[in-house]
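Notes follow the structure.
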Amino acid sequence: MSDPAFEGSYVAVTGAGMCGLWQAEHFEHVTSLNAWEDEVSEDEALASHVRKGAFVPLNVGGDGCFRVTIREGGRNAREKRYTLVSSDPYLLVSRGTLMLGGLENVGSYIGGAQQIAFPAGRHLVKVHLLDWKAEPGSVGADGSPTGIALPDFLVEIHPEPDGFVAFRSTVRTFERS
């Protein structure tokens with residue numbers, strides 16, 4: 001794989017049960033608890049933003065602190081080896097700035113999301129959940145990740161291809177087997 005045009009490593013924390021990557025401008029109006037509840041607290045409302053390409057869920061159904069790598073381009077052999085599950089493609093429309101954080105960080109009501117400069121345009125996004133603990137040498141004696149550990153999530157981004165793509169539109173990132 002050639003060097004990606006963009007790659008960044010981040011930490012996303014949630015106490016609201018889900019993290020996400022979203023278009024900053026789309027949620028500028030979320031400045032109060034009522035607006036936050038109307039726009040993102042219910043799956044149906046959040047799914048409408050997913051369908052518009054404004055929100056990509058990083059959803060494993062629980063709270064936590066997650067390492068996230070966002071990359072233009074695909075996975076390397078090591079990442080493929082430790083991939084537990086991959087999502088179907090999501091649409092993400094960037095206007096030049098993306099946000100990453102817990103669901104509670106959407107909008108400016110609470111804030112706290114990480115701002116990421118990212119090329120404007122329509123993008124195809126696949127989310128991969130990695131089993132970083134399965135790789136030898138990735139877990140320290142105290143159970144925490146070592147310096148060589150893979151992230152929890154690898155978010156793979158590509159320009160939207162020409163032609164029809166059936167984009168995923170649910171807030172559940174992965175299908176349960």
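Values below: every heavy atom of this structure, side chains too, minus hydrogens, waters and symmetry copies.
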Run the side chain to side chain contact (heavy atoms under 4.5 Å, CB included) check on R78 and E135 step by step: do they pass? CA-CA 9 Å; R78 177 178 171 227; E135 184 176 31; 2.7 Å; yes
Any chance you could lay out the side chain to side chain contact (heavy atoms under 4.5 Å, CB included) test for L98 and I70, step after step, and finish with the verdict? CA-CA 11 Å; L98 298 176; I70 300 172; 5.8 Å; no
Reported [atom1]-to-[atom2] distance for the pair [X] and [Y], which is rounded to 0.5 angstrom:
X	Y	atom1	atom2	result
E39	F27	CD	CZ	7.0 Å
T173	D88	OG1	CG	11.0 Å
I116	T97	CD1	OG1	10.0 Å
L100	L58	CG	CG	6.5 Å
L91	L124	CG	CG	8.0 Å
L130	L154	CG	CG	5.5 Å

With side-chain hydrogen bond (donor to acceptor under 3.5 Å, both in side chains) as the test, would you mind laying out the steps for S87 and R168 before giving the verdict? CA-CA 8 Å; S87 74; R168 187 168 182 80; 5.9 Å; no
How close do [X] and [Y] get, counting heavy atoms only, and between which atoms?
X	Y	value
L21	L92	CD2-CD2, 3.7 Å
F55	M18	CE2-SD, 4.1 Å
P89	K126	CA-CG, 4.2 Å
P159	H123	CA-ND1, 4.1 Å
S169	A47	O-CB, 3.8 Å
V60	F153	CG1-CZ, 3.7 Å

Does a sphere of radius 6.0 Å around CD in E42 hold more than 12 heavy atoms from other residues, nucleotides or ligands, not counting ones at 6.0 Å or beyond?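 No, because the 6.0 Å sphere around CD of E42 holds 12 heavy atoms or fewer from other groups.
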Does atom CG (D162) have a neighbourhood of more than 12 heavy atoms from anything else shown, all under 6.0 Å?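 It does not: D162 CG has 12 such atoms or fewer within range.
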State plainly whether one hydrophobic cluster holds both [X] and [Y], where clusters connect Ile, Leu, Val, Met, Phe, Trp and Tyr through side-chain heavy atoms under 4.5 angstrom apart.
X	Y	answer
V85	V56	yes
V155	F66	yes
V106	V93	no

Donor-acceptor check, side chain of [X] to backbone of [Y], threshold 3.5 angstrom: yes or no?
X	Y	value
W132	Y82	no
S94	F118	yes
Y109	E104	no
N59	V171	yes

Which is it for V125 and F167 under the side chain to side chain contact (heavy atoms under 4.5 Å, CB included) test, yes or no, and what are the steps along the way? CA-CA 9 Å; V125 176; F167 288 110; over 6 Å; no
Determine, stepwise, if the pair S32 / N34 fulfils side-chain hydrogen bond (donor to acceptor under 3.5 Å, both in side chains). CA-CA 5 Å; S32 68; N34 286 340; 5.4 Å; no
Using the side chain to side chain contact (heavy atoms under 4.5 Å, CB included) rule, pick out the option among V68, T69, V11 that qualifies with P151.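 So the option named by the test is T69.
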Might you work through the side chain to side chain contact (heavy atoms under 4.5 Å, CB included) test for M99 and Q114, ending with a clear yes or no? CA-CA 5 Å; M99 304 299 283; Q114 297 176 70; over 6 Å; no
May I ask you to test the S138-L150 pair for a side-chain heavy-atom distance under 4.5 Å?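 No. Closest side-chain heavy atoms not under 4.5 Å.
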Of E156, H158, E79, which is the lone residue that meets side chain to side chain donor-acceptor pair (under 3.5 Å) with R71?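 Single side chain to side chain donor-acceptor pair (under 3.5 Å) partner of R71 among E156, H158, E79: E79.
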